[in-house]
Structure formats: C-alpha cells, structure tokens
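These notes concern the structure reproduced below.
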Amino acid sequence: AHAQTPICQIGLQTGYSHANTELSSGGFSIDGIGAHSTRPDAGIRGGCDLIAGEFRFGAFGEWNNQDVTFSVNPGIFSATLGNSYSLGGRAGLMFDKVFAYGLVAWTHTDVSWSVAGPGLPSAFTGLTYGGGLEYPIRDTRVALAMELRLHHFTSENIGGPGGIDLQPDQLQGMLRLNWNFGDAPKAAKPLK
C-alpha cells in the first residue's frame, strides 16, 4: 500500500510526572530521590503522520510547561524541572479505530536550582521513549490520545572531578485532545 495524504494534528495535553534522581560520587550512590508534579503538566503538540495500509508513522514537536521539584535533604539543595521541548517520531499500527504506537524523541528540559554555583546545568537533555493509544472521536476530526513516556536525561556532573554526578529520569503520563487536518483516518469517517 502506498502512503496517503499526510494527516496533520495539533493538540492540547495535560498530565502528571514523577522524577527520580540518582546522585553518585566515587563509589557512593543514592537512588530514589523522587519528585512529582506540583500542578498538572500542560502543553501543546503538533505533527504529521502518513498511513500505509495498517501502518502509520510520522514526526512531531511539542512544548510542555511543568513544575517538577526534587530536593536533597536535609535542605542541601533543590531543583525544579520547567519548560520542556521535544522533537521526535512515532510509528505503530491501526487496529480498527485505535492507533497503537511507540515513540522516540530528543528532549530538552530547563532546570532551576535553589542554590547558585558554578557547574550547575541550566537544562537537562536526553532521549524520550514511550508509547500511546489514539482514538478518533466518531464523525469528528478530534481524537483522544493517552501516552506514557520516560525521559532519560544525560548524566550531569556538579562540582567538577570528584564532585557529584546527577542522573535524572522523568516518567510522565499525558492525556491529549488532537484536532486533525488533511485526510482523516478511515476509522474517523462516518459509515455510509
């Protein structure tokens, strides 16, 4: 089957995050310094897909605003994950009305610190892995999507050689409403 006209989307999304941070120095390591969203994560996403038979694939970009704070006790320092930007791709299969897919993206997330100091990164970058389900709402160009993704950020060093290595990960669940442009999937078209 040949790819058809692209299906482009723009959507609003909201969700919740949990961040886990591993701190290590030499042979010493602390894992499980957790954090969660202090308010719902919210953002916007746009992208385009192609359909070839039951296979659907495409690219997307998104921006999210969040407030995910983690701290090192007792009151040593805290950091907050803020605005996040992602560029990636997704691919999957159409099962009747449901599009089940996996995704991979490059993600940049701003971070702010409770203390000032040299060597503190202003952002974390890394890869995002995840998957989701998207269901077109019948007789409309609106689709509902549920997504779960893991942001695996690159390790950062604080304080130079002999300092602390910081390895943050973020697990995020999102619910999104998409507006489709272009050729709507067959499952979204009314039956004759």
Side-chain angles (χ1 to χ4, degrees), residues 6-23 32-50 56-72 77-92 98-114 120-137 140-156 158 166-182:
I7 301 165
C8 294
Q9 302 175 321
I10 189 166
L12 297 176
Q13 58 189 14
T14 187
Y16 183 85
S17 291
H18 178 81
N20 182 67
T21 305
E22 179 184 354
L23 297 174
I33 300 173
H36 57 81
S37 301
T38 60
R39 56 175 168 74
D41 303 345
I44 188 168
R45 177 155 153 183
C48 291
D49 295 331
L50 292 174
R56 181 171 170 177
F57 58 96
F60 66 87
E62 72 175 37
W63 165 82
N64 288 304
N65 181 267
Q66 57 194 0
D67 187 358
V68 182
T69 301
F70 65 86
S71 61
V72 177
F77 70 86
S78 64
T80 300
L81 303 179
N83 289 328
S84 178
Y85 313 88
S86 295
L87 292 173
R90 65 179 188 167
V98 178
F99 173 38
Y101 60 90
L103 65 87
V104 177
W106 172 85
T107 300
H108 169 106
T109 299
D110 295 334
V111 60
S112 58
W113 301 88
S114 62
L120 292 176
S122 61
F124 295 135
T125 59
L127 290 178
T128 296
Y129 308 93
L133 297 172
E134 186 171 313
Y135 184 85
I137 298 174
T140 71
R141 291 197 171 267
V142 177
L144 178 65
M146 295 171 288
E147 224 171 68
L148 185 65
R149 56 260 190 107
L150 174 66
H151 307 292
H152 184 70
F153 298 111
T154 303
S155 178
E156 298 283 348
I158 300 173
L166 181 66
Q167 174 62 68
D169 293 308
Q170 180 183 359
L171 182 64
Q172 187 177 50
M174 298 296 271
L175 185 65
R176 183 173 60 254
L177 275 178
N178 289 324
W179 178 264
N180 294 292
F181 301 90

Could you grab the distance from atom [atom1] of [X] to atom [atom2] of [Y], nearest 0.5 Å is fine?
X      : Y      : atom1 : atom2 : result
Ser17  : Leu171 : OG    : CG    : 7.5 Å
Leu50  : Arg56  : CG    : CZ    : 9.5 Å
His36  : Asn20  : NE2   : CG    : 13.5 Å
Asn178 : Gln9   : CG    : CD    : 4.0 Å
Phe60  : Cys48  : CZ    : SG    : 13.0 Å

Can you list every pair that meets salt bridge (Lys or Arg N to Asp or Glu O under 4.0 Å) and has a residue in residues 100-110, with sequence neighbours left out?
->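 Residue pairs passing salt bridge (Lys or Arg N to Asp or Glu O under 4.0 Å), neighbours aside: none found.
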Not counting sequence neighbours, which residues clear side chain to side chain contact (heavy atoms under 4.5 Å, CB included) with [X]? List them please.
X      : value
Leu12  : Ile44
Ser155 : Asp165, Gln167
Ala42  : none
Val142 : Ile137, Thr140, Leu177, Trp179

With a 3.5 Å distance limit and no angle check, can you tell me whether [X] reaches the backbone of [Y] through a side-chain donor-acceptor pair?
X      : Y      : answer
Thr154 : Thr125 : yes
Trp113 : Pro121 : yes
Ser37  : Tyr16  : no

Please tabulate, for side-chain N and O atoms in residues 146-153, each donor-acceptor pair with protein atoms closer than 3.5 Å (sequence neighbours left out).
unit_1 : atom_1 : unit_2 : atom_2 : d
Glu147 : OE1    : Arg45  : NH1    : 2.9
Glu147 : OE1    : Arg149 : NH1    : 2.8
Glu147 : OE2    : Arg45  : NH1    : 3.0
Glu147 : OE2    : Arg45  : NH2    : 3.2
Glu147 : OE2    : Tyr101 : OH     : 2.5
Glu147 : OE2    : Arg176 : NH2    : 3.2
Arg149 : NE     : Gln172 : OE1    : 3.2
Arg149 : NH1    : Glu62  : OE2    : 3.4
Arg149 : NH2    : Glu62  : OE2    : 2.8
Arg149 : NH2    : Gln172 : OE1    : 3.2
His151 : ND1    : Thr128 : OG1    : 2.6
His151 : NE2    : Gln172 : OE1    : 3.0
His152 : ND1    : Asp169 : OD1    : 2.6

Distance-only polar pair, side chains of Gln13 and Asn64, donor-acceptor under 3.5 Å =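 Indeed, the side chains of Gln13 and Asn64 share at least one donor-acceptor pair under 3.5 Å.
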Contacts of type side chain to side chain donor-acceptor pair (under 3.5 Å), residue Thr38, not counting sequence neighbours =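 Per chain and number, Thr38 pairs via side chain to side chain donor-acceptor pair (under 3.5 Å) with Asp67.
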Mark yes when over 12 heavy atoms from residues, nucleotides or ligands other than Tyr135 sit less than 6.0 Å from its OH; otherwise mark no.
->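 No.
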So do the side chains of Ile10 and Asn180 get within less than 4.5 Å of each other, counting heavy atoms only?
->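 No, every pair of side-chain atoms sits at 4.5 Å or beyond.
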Find out whether Phe181 and Pro6 are in side-chain contact, i.e. whether some heavy atom of one side chain is under 4.5 Å from a heavy atom of the other.
->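 No, every pair of side-chain atoms sits at 4.5 Å or beyond.
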Exercise: identify the closest heavy-atom pair between Asp49 and Ala59 |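 So the minimum-distance heavy-atom pair works out to OD1-N, 4.2 Å.
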For residues 79-86, run the donor-acceptor check on the side chains, cut-off 3.5 Å, and write out each pair with its distance to 0.1 Å, sequence neighbours left out.
unit_1 : atom_1 : unit_2 : atom_2 : d
Thr80  : OG1    : Thr69  : OG1    : 3.0
Asn83  : OD1    : Asn65  : ND2    : 2.7
Ser84  : OG     : Thr109 : OG1    : 3.2
Ser86  : OG     : Thr107 : OG1    : 2.8

